[in-house]
Enquirer: 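Structure incoming, see below.
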Amino acid sequence: MSIQSIILAGLEGEKSWRLKDYEARGGYAALRKILSEKITPDGVIAEVKKSVLRGRGGAGFPTGLKWSFMPRAYQGAKYLCCNSDEGEPGTFKDRDILRYNPHMVIEGMIIAGYAMGCERGYNYIHGEVWDVYKRFEEALDEARAAGYLGKNILGTNFGFELFAHHGYGAYICGEETALLESIEGKKGQPRYKPPFPAGFGLYGKPTTINNTETFAAVPWIIVNGGDKYLDLGKPNNGGTKVFSVSGHVNRPGVYEVALGTPFSALLEMCGGMRGGRKLKACIPGGSSMPVLPGDIMMQCTMDYDSIAKAGSMLGSGAVIIMDETVCMVKALERLSYFYHEESCGQCTPCREGTGWLYRMVHRIEHGHGRMEDIDVLNQVSDNIAGRTICALGDAAALPVKSFLKHFRSEFEYHIEHKKCLVPVDVQLAGSKIYVEQAC
């Protein structure tokens, strides 16, 4: 399968984020095409539907279908939001897109605003990447000065304004309705649904929220056509996907490949396993997704359907690689602590259950576990998942369920022998290789 870059293409220039560089790569040609050829909003949505572009933030919902939910006949303000609150552990692709190719996101949002009749948009940027926020603001200034934002864009009667909104690092604000609450100046907590944002969103008005990478793919689709974008991937998995690869690989980083690319090919792009060690496990879509053993992962292709068939999800595209030096109990302990800390506390199953999960895994890791803890962990996870306002409860429960499913023997060994199945010296050796090569 051919590997082609769309979002990361042409970023080798010294200042790829500047408007001049973006225009030299064909930037804003899609917007010019729409306005000069007078392509209708419905025509734009139809092309996006044809591409089978699916949301790149985690859920994988068809983007064109989502855009069609925006009420066309609504008289009044409608809003567009970009979710750049990249708080999922293991995910770092969106900040690089904004850092090196911000105008592609801006152009995608302008096109989306045109398609859905929105005159104002917001990009909610994660609070711990201030440099990215500043760079996006600079790009907005360039776009306004060039006539791509504001009133009468490119001499037409179409107007669209876009603003950056700086978050404050709360994981929960990656949930779309918590993001809306935060933009409104409230505590970032998820809303009950329904009503859904398409009917009652930002400031109570119809709103569409998409991920950074999703908007960045739109200009290419408009210029080259939805069919060509779909052909880059595979049926029901159109186009390319940007992956954040971290862990025990020689070259961790951000990689863009066509959906359907074998996982083994992606691993090879990353230089293979560090120290020549064996792949033990992989979390293919961010820390909230189920973990998969290495032998299962090596049989997968990197697309929504293949990963789902294997028992996990593509999620945000954060590929976390773990080699044979990793203690899976210790890894789960760290993940469980994160979700316990990041729970907003609104829902009792999540507020109480995530703490319970962490404390039990912590007890097992430190030699105080009981064999019945394994069944209780599964029961608590089942009582959290699907019983909370947002998906953070599921995000805490899915890792626990999958770690116990695939690596139960390590948990049992901890409980029986009061120590790790993976010897401490092996764990330290793996960490030493990781640190030395990272430096």
Side-chain angles (χ1 to χ4, degrees), residues 87-91 171-172 246-248 277 279-294 312 315 318-345 349-385 388 391-435:
E88 179 82 355
T91 314
Y171 175 77
I172 195 64
S246 64
H248 297 110
R277 296 183 184 275
L279 174 66
K280 181 176 184 176
C282 175
I283 305 178
S287 65
S288 60
M289 300 296 111
V291 67
L292 294 175
S312 188
V319 182
I320 303 171
I321 304 291
M322 292 176 272
D323 69 15
E324 56 198 317
T325 68
V326 174
C327 168
M328 301 307 286
V329 180
K330 190 172 184 178
L332 181 61
E333 180 195 22
R334 188 64 190 86
L335 290 178
S336 296
Y337 177 78
F338 173 82
Y339 290 106
H340 168 49
E341 283 291 297
E342 292 293 340
S343 172
C344 75
C350 184
R351 181 183 66 247
E352 303 299 329
T354 53
W356 200 353
L357 291 177
Y358 165 66
R359 288 189 293 273
M360 280 193 288
V361 178
H362 177 79
R363 191 165 66 220
I364 294 171
E365 167 62 17
H366 292 275
H368 304 292
R370 302 172 300 226
M371 199 58 70
E372 58 264 31
D373 286 344
I374 296 177
D375 290 333
V376 175
L377 280 168
N378 273 312
Q379 292 169 7
V380 173
S381 298
D382 289 338
N383 285 326
I384 297 173
T388 53
L392 193 145
D394 296 69
L398 288 175
V400 173
K401 297 280 291 183
S402 62
F403 271 73
L404 292 175
K405 175 183 177 181
H406 295 297
F407 300 99
R408 185 184 181 103
S409 61
E410 289 199 33
F411 289 82
E412 293 175 343
Y413 190 93
H414 267 75
I415 294 169
E416 291 178 0
H417 301 278
K418 313 301 181 186
K419 63 180 181 179
C420 291
L421 178 62
V422 180
V424 175
D425 59 336
V426 174
Q427 295 182 45
L428 292 174
S431 299
K432 185 173 184 291
I433 291 173
Y434 187 94
V435 171

Enquirer: Considering non-hydrogen atoms only, spot the tightest contact between S287 and L335 and give its length.
Expert: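 The answer is CB-CD2, 3.5 Å.
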Enquirer: For H248 and V326, work out which heavy atoms get closest and say how close.
Expert: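 Where H248 meets V326 most closely, the heavy atoms are CE1-CG2, 3.4 Å.
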Enquirer: Do C282 and V319 come close enough that some side-chain heavy atom pair is under 4.5 Å?
Expert: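 Of all side-chain heavy-atom pairs linking V319 with C282, at least one is under 4.5 Å.
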Enquirer: Going by side chain to side chain donor-acceptor pair (under 3.5 Å), name the residues that satisfy it together with T91, two or more places apart in sequence or in a different chain.
Expert: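 If we apply the side chain to side chain donor-acceptor pair (under 3.5 Å) test to T91, skipping adjacent residues, the hits are S316.
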Enquirer: When you compare the side chain of E365 with that of C327, does any pair of heavy atoms fall below 4.5 Å?
Expert: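 Result yes, sub-4.5 Å side-chain heavy-atom pair found.
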Enquirer: What residues form a side chain to side chain donor-acceptor pair (under 3.5 Å) with R359, not counting sequence neighbours?
Expert: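 Testing R359 for side chain to side chain donor-acceptor pair (under 3.5 Å), a comparison that skips the adjacent residues, returns none.
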Enquirer: Any idea which heavy atoms bring A331 and M322 closest together, and the distance?
Expert: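 Looking at all heavy atoms of both residues, the closest pair is CB-SD, 4.4 Å.
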Enquirer: For the side chain of S402 and the backbone of V291, is there at least one donor-acceptor N/O pair under 3.5 Å apart?
Expert: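 Indeed, once roles are kept as given, a pair shorter than 3.5 Å links the two residues.
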Enquirer: Which residues satisfy the side chain to side chain donor-acceptor pair (under 3.5 Å) test with E412, sequence neighbours excluded?
Expert: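 With neighbours one apart ignored, the set is R408.
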Enquirer: Between Y339 and Y171, is the ring centre distance below 6.0 Å?
Expert: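 Between Y171 and Y339, which both carry aromatic rings, the centre distance is below 6.0 Å.
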Enquirer: Report yes if some heavy atom in the side chain of P399 is under 4.5 Å from a heavy atom in the side chain of L332; otherwise report no.
Expert: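 Result yes, sub-4.5 Å side-chain heavy-atom pair found.
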Enquirer: Taking only residues two or more places apart in sequence, or in another chain, which ones meet H366 in a ring-ring contact (aromatic ring centres under 6.0 Å, His included)?
Expert: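 H366 satisfies ring-ring contact (aromatic ring centres under 6.0 Å, His included) with H362 once adjacent residues are dropped.
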Enquirer: Which pairs of donor and acceptor atoms, one on a side chain in residues 416-423, lie under 3.5 Å apart (sequence neighbours left out)?
Expert:
unit_1 : atom_1 : unit_2 : atom_2 : d
K418   : NZ     : I415   : O      : 3.3

Enquirer: With sequence neighbours excluded, what pairs up with D382 under the side chain to side chain donor-acceptor pair (under 3.5 Å) test?
Expert: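 If we apply the side chain to side chain donor-acceptor pair (under 3.5 Å) test to D382, skipping adjacent residues, the hits are K401.
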Enquirer: May I ask you to test the I364-E333 pair for a side-chain heavy-atom distance under 4.5 Å?
Expert: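 No, every pair of side-chain atoms sits at 4.5 Å or beyond.
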Enquirer: I want to check something: taking the side chain as every heavy atom from C-beta on, are F411 and D373 in contact at a cut-off of under 4.5 Å?
Expert: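 Contact flag for F411/D373 side chains = no.
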Enquirer: Heavy-atom count around Y413 OH within 6.0 Å, excluding the residue itself: above 12?
Expert: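 Enclosed.
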Enquirer: Any side-chain heavy-atom pair from H406 and L292 closer than 4.5 angstrom?
Expert: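 Yes; the side chains approach each other to less than 4.5 Å.
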